[in-house]
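Reviewing the structure listed below.
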Amino acid sequence: MKNTLIALVALLSSSIVFSQDITGLWTGTIKNDAEAQSMPYEVFISKDKGKAKFSGYSKTMYLDEGKECYSIKKLKVSVARDGKIVLLDATVMENDYPFVDKYGKQVNVLDLFSNDTGTSLDGIFVNNPKFSNTTGRISLKRVTTVTESSL
């Protein structure tokens with residue numbers, strides 16, 4: 001009986017996580033631990049039609065020798081069993097990096113929070129160790145009215 005109860009609670013809590021709406025435009029900041037640099041970061045998440053899968057796009061900004069650079073990437077989006085939102089770089093769509101970024105893939109592991117002020121995603125990111133082994137934090141808020149976005 002105890003095992004059945006535990007299984008039922010686990011099943012219900014995972015369905016609650018999966019029923020949370022993570023779609024839409026999210027804006028905020030990405031902060032690089034090594035340089036303590038905080039830059040604008042945007043993510044757009046959509047649900048694939050007819051499927052229980054998500055996809056998305058991100059726009060990452062950073063400074064290189066005083067010049068603001070950007071990258072727009074297609075993302076693979078998933079919800080882990082523990083409820084964490086995982087965003088994985090899939091393809092670079094466009095960028096103006098001063099170098100060729102063939103191997104740099106970023107993984108974001110984010111928690112979803114909802115309160116009176118809105119919905120937010122907050123967590124960590126890690127870049128592919130073959131590239132730069134950069135880590136840091138991401139803080140995003142869901143945008144309810146889209147005024148201007150490059151995504």
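No experiment lies behind these values; they were computed from the predicted model shown. What's counted below: heavy atoms across the whole structure, side chains too, no hydrogens, waters or symmetry copies.
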Partner of Lys73 by side chain to side chain contact (heavy atoms under 4.5 Å, CB included), out of Leu88, Thr91, Val92, Leu87:
Val92

Under 4.5 Å between any side-chain heavy atoms of Ile85 and Trp26, yes or no?
no

Measuring from atom CD1 of Ile72 to atom CE of Met61, what distance do you get when rounded to the nearest 0.5 angstrom?
9.5 Å

Say you draw a straight line from CD1 of Ile22 to CZ of Arg142; how long is it, rounded to the nearest 0.5 Å?
8.5 Å

For Ala80 against Val86, the heavy-atom pair lying closest together
CB-CG2, 4.5 Å

To the nearest 0.5 Å, what is the distance between CG (Leu25) and CD1 (Ile45)?
10.0 Å

How close do Ser38 and Thr29 get, counting heavy atoms only, and between which atoms?
OG-CB, 3.5 Å

Taking only residues two or more places apart in sequence or in another chain, which ones pass side chain to side chain contact (heavy atoms under 4.5 Å, CB included) with Ser120?
Phe113, Lys141

With sequence neighbours left out, the residues meeting side chain to side chain contact (heavy atoms under 4.5 Å, CB included) with Lys49 are none

In Å and rounded to the nearest 0.5 Å, what is the NZ to OG distance from Lys74 to Ser58?
11.5 Å

Closest heavy-atom pair, Glu42 versus Thr27, reported as atoms and distance to 0.1 Å, is CG-CG2, 3.8 Å

Spell out, yes or no, whether Leu140 and Val109 are grouped together once hydrophobic residues are joined by side-chain heavy atoms under 4.5 Å, including indirect joins.
no

Pairwise side-chain contact, Ile138 with Leu110, heavy-atom cut-off 4.5 Å (strictly under)
yes

Apply side-chain hydrogen bond (donor to acceptor under 3.5 Å, both in side chains) to Ser55 and list each qualifying residue two or more places apart in sequence or on a separate chain.
Asp48

Just how far is it from atom CG of Asp89 to atom CG of Asn127, taken to the nearest 0.5 Å?
7.5 Å

For the atom pair NZ (Lys105) and CG (Leu75), what is the distance rounded to the nearest 0.5 Å?
10.5 Å

Are Phe125 and Val79 connected in the hydrophobic side-chain network, where two residues link if heavy atoms are under 4.5 Å apart?
yes

Could you list the residues that satisfy side-chain hydrogen bond (donor to acceptor under 3.5 Å, both in side chains) with Thr23, not counting sequence neighbours?
Asp21

Honestly curious: do Met93 and Ile30 fall in one hydrophobic cluster under the side-chain, below-4.5 Å linking rule?
yes

Please list, chain by chain and in numerical order, all residues satisfying side-chain hydrogen bond (donor to acceptor under 3.5 Å, both in side chains) with Glu94, sequence neighbours excluded.
Tyr70

Could you tell me whether the side chains of Thr134 and Asn32 share a donor-acceptor contact shorter than 3.5 Å?
no

Which residues pass the side-chain hydrogen bond (donor to acceptor under 3.5 Å, both in side chains) test with Asp122, sequence neighbours left out?
Arg137, Ser139

